[in-house]
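Data first, discussion second: the structure below is written as structure tokens.
Note on naming: letters A, B, ... go to the chains in the order of the sequence lines (proteins, then strands), and numbering restarts at 1 for each one. As the structure is a prediction and not an experimental result, all values here were calculated from the model.
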Number of protein chains: 2
Amino acid sequence: MNTNKIDWESLHNKFLLTVDVLIFTIDHEDLKVLLVKRAHEPFKGFWAIPGGFLKLKESLDIAALRVAKEKTGIKEVYLEQLYTFGALDRNTSVRAITVAYFSLIPYLKLKKPVSDKISDLQWFYVHKLPKLGFDHEIILKTAILRLKSKVGYSNIAFNLLSDKFRLSELQRIYEVILEKNLDKRNFRKQILATGLLSSTGKKELREAHRPAMLYRFKSKNVVYFD
Amino acid sequence: MNTNKIDWESLHNKFLLTVDVLIFTIDHEDLKVLLVKRAHEPFKGFWAIPGGFLKLKESLDIAALRVAKEKTGIKEVYLEQLYTFGALDRNTSVRAITVAYFSLIPYLKLKKPVSDKISDLQWFYVHKLPKLGFDHEIILKTAILRLKSKVGYSNIAFNLLSDKFRLSELQRIYEVILEKNLDKRNFRKQILATGLLSSTGKKELREAHRPAMLYRFKSKNVVYFD
DNA sequence: CCAAAAGTGTTATTGATACACCCATGC
DNA sequence: GCATGGGTGTATCAATAACACTTTTGG
């Protein structure tokens, strides 16, 4: 069997196969997602999850990484496959299958506002969303649910902070994702008990309160708890 | 934008998009998976996970259901999307993307041995597997892991039993999936505490021991615990 | 009466939750 | 000295884990 001999017509292979990437970050307010304003039909003018067509010589993971890099300018990002959406009515024109990924980015790595020129790329608070095209509201909800549940049994949320941080910052990340307040003492006990953090020994100064000890992650590799 | 005008060549859309379905059941021994012997290249003669090409007018879920029905003859099966596999080296010839699902079937619904004629369809204990084609060992491992973890926080395992059953049967299902023995008293306490079972009031007789109370699931809808 | 699976409660351990005050710094 | 967030320990409660004997039936 040779690639050249395949009769693609007969394989009923007329799908668009796209990879969409939900790019999340958490600022001092809330969870944010990066959206693009569509320049073409269908859903021209609507906001949508960034994505692209899968290339022939590209794995799904690499395609997702490419999209994430293109939009954020960051080379190393946390990426995880979310779900594949393939209902019949999810696109208005052509049959499209989308493999959705989500990505977590530390807010501090985004100092330069993402693509000044391209104003059709914009961060939105997930609780203040515009109208989205396609079935992207469903995809976004799926991603937020996954994030919320996975935070409970893994260290996935570490990927929303850069190397040095205060425990109170980490706690805020968890509070934003879980949408509830946590007890400071219990949080510290538990997070330190995982053994995944180490103190840098340094303290953050120049603020009008007692300086906080800075911690770092021993590794950002995802670890699953019981 | 009109479907007829799409230039499929230019979209680099030369993928095979398949839907593979891992069909599981548990007999008196262990967890089993249904495999097919491949009649054609690539991997001719190897055993593989049943699957098929996605049809143009068919959602992913429906495609998976079709495959599951074809192979088991059962209309209503539990199905769940597992993961989408799209590495470059997963197939020897053509670029193929596979959306994998898994399905759980009560052993008793399989009374008639699946497709007598088609001896290239066969159940295998997941701990006594033949050599599999493609990347199907990885897919299978992924599925087993998912099943194992999900049993811990959902009632997904209910789908491996038919309507009436003894608590000891249910316990065996859990033990097989978790690959460890459970304490009878604790298991009963916990499973009854979910409120998802109800006693039928009837007992199973004609066995050389004290007859067991038969239970049923109030619903097989998947419920997630904390 | 023997074999085989059904059924049943209590205790100990562990993990999760609730809760309030002093500390170090900048201004 | 006051405002601000940093840092710390204990007691209660809930969930989980460990553990052994009696019961009912068929043969």
Side-chain angles (χ1 to χ4, degrees), chain A residues 26-29 148-149 151-155 157 161 164-216 223-226, chain B residues 26-29 148-149 151-155 157 161 164-216 223-226:
Chain A
I26 295 184
D27 72 358
H28 301 293
E29 288 263 342
K148 202 167 173 172
S149 103
V151 150
Y153 62 91
S154 80
N155 63 343
L161 281 185
K164 290 176 190 171
F165 54 89
R166 306 189 289 254
L167 289 186
S168 62
E169 294 178 280
L170 187 57
Q171 183 175 341
R172 268 207 63 262
I173 298 289
Y174 276 79
E175 289 177 332
V176 165
I177 295 174
L178 294 171
E179 297 184 281
K180 67 175 178 187
N181 293 329
L182 302 174
D183 179 88
K184 184 167 43 159
R185 280 174 291 190
N186 293 335
F187 178 79
R188 287 169 174 245
K189 241 182 300 178
Q190 288 165 22
I191 207 79
L192 291 174
T194 64
L196 297 172
L197 305 187
S198 62
S199 162
T200 63
K202 295 181 184 173
K203 296 185 181 183
E204 189 163 53
L205 292 172
R206 307 193 180 278
E207 283 185 85
H209 55 78
R210 176 175 175 178
M213 177 64 69
L214 294 177
Y215 288 80
R216 77 161 67 86
V223 174
Y224 295 93
F225 311 136
D226 303 322
Chain B
I26 295 183
D27 72 358
H28 302 293
E29 288 261 343
K148 201 166 175 174
S149 104
V151 150
Y153 62 91
S154 79
N155 63 344
L161 282 185
K164 290 176 191 172
F165 53 88
R166 306 190 289 254
L167 289 186
S168 62
E169 294 179 281
L170 186 57
Q171 184 176 339
R172 268 207 63 262
I173 297 290
Y174 276 80
E175 289 177 333
V176 165
I177 295 174
L178 293 171
E179 296 183 283
K180 66 174 179 187
N181 294 328
L182 302 174
D183 179 87
K184 185 167 41 158
R185 283 173 288 192
N186 292 335
F187 177 79
R188 287 168 174 245
K189 244 180 299 177
Q190 288 166 21
I191 208 78
L192 290 174
T194 64
L196 297 172
L197 305 186
S198 61
S199 163
T200 63
K202 295 179 184 173
K203 295 183 181 183
E204 190 163 55
L205 292 172
R206 307 193 179 279
E207 282 185 86
H209 55 78
R210 175 173 177 177
M213 177 64 70
L214 294 177
Y215 287 80
R216 79 161 65 87
V223 174
Y224 295 92
F225 312 135
D226 303 319

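Of all non-hydrogen atoms in Ser154(A) and Tyr174(A), the two that sit nearest each other are O-OH, 4.1 Å. Of all non-hydrogen atoms in Ser168(B) and Arg188(B), the two that sit nearest each other are N-NH2, 4.4 Å. Taking all atoms of both residues into account, the shortest heavy-atom contact from Val176(A) to Glu29(A) is CG2-O, 4.3 Å.
Put simply, NE2 on His209(A) is 10 Å from P on dG7(D), counting in whole angstrom units. Distance CD1 (Ile191(A)) to P (dA16(C)): 12 Å, rounded to an integer number of Å. Taking atom CZ of Arg210(A) as the reference point, atom P of dC23(C) lies 9 Å away to the nearest angstrom. When rounded to the nearest whole Å, the span between NZ of Lys189(A) and P of dT17(C) equals 10 Å. When rounded to the nearest whole Å, the span between CZ of Phe225(B) and P of dT16(D) equals 11 Å. At whole-Å resolution of the value, CZ in Arg188(B) and P in dT16(D) are 18 Å apart. Distance Leu192(B) CG to dA6(C) P: 14 Å, rounded to the nearest Å. Across the protein-nucleic acid pair, Glu169(B) atom CD and dA5(C) atom C1' stand 12 Å apart, rounded to whole Å.
Between Lys180(B) and Glu175(B), none of the side-chain N atoms (NZ, or NE/NH1/NH2) sits under 4.0 Å from a carboxylate O, so this pair counts as no salt bridge.
Under 4.0 angstrom from either OP1 or OP2 of dG6(D) there lies at least one side-chain N or O belonging to Ser168(A). Within the structure, every side-chain polar atom (N or O) of Arg166(A) is placed at least 4.0 Å from both OP1 and OP2 of dG5(D). Contact annotation: Arg185(B) side-chain N/O to dG9(C) OP1/OP2 distance is not under 4.0 Å.
In this structure, Glu169(A) and Leu167(A) have side chains that are not in contact, with every pair of non-hydrogen atoms separated by 4.5 Å or more.
Between Pro211(B) and Asn186(A), the residue anchored nearer the 5' end of DNA chain D, judged by the nucleotide with its closest heavy atom, is Asn186(A). Nearer the 5' end of DNA chain C, as judged by each residue's closest nucleotide, is the contact made by Asp183(A), out of Asp183(A) and Arg206(A).
With hydrogens and angles left out, the side chain of Lys184(A) and the base of dT17(C) share no donor-acceptor pair within 3.5 Å.
Across all strands shown, Glu207(A) has heavy atoms under 4.0 Å from sugar-phosphate atoms exclusively, and none from any base.
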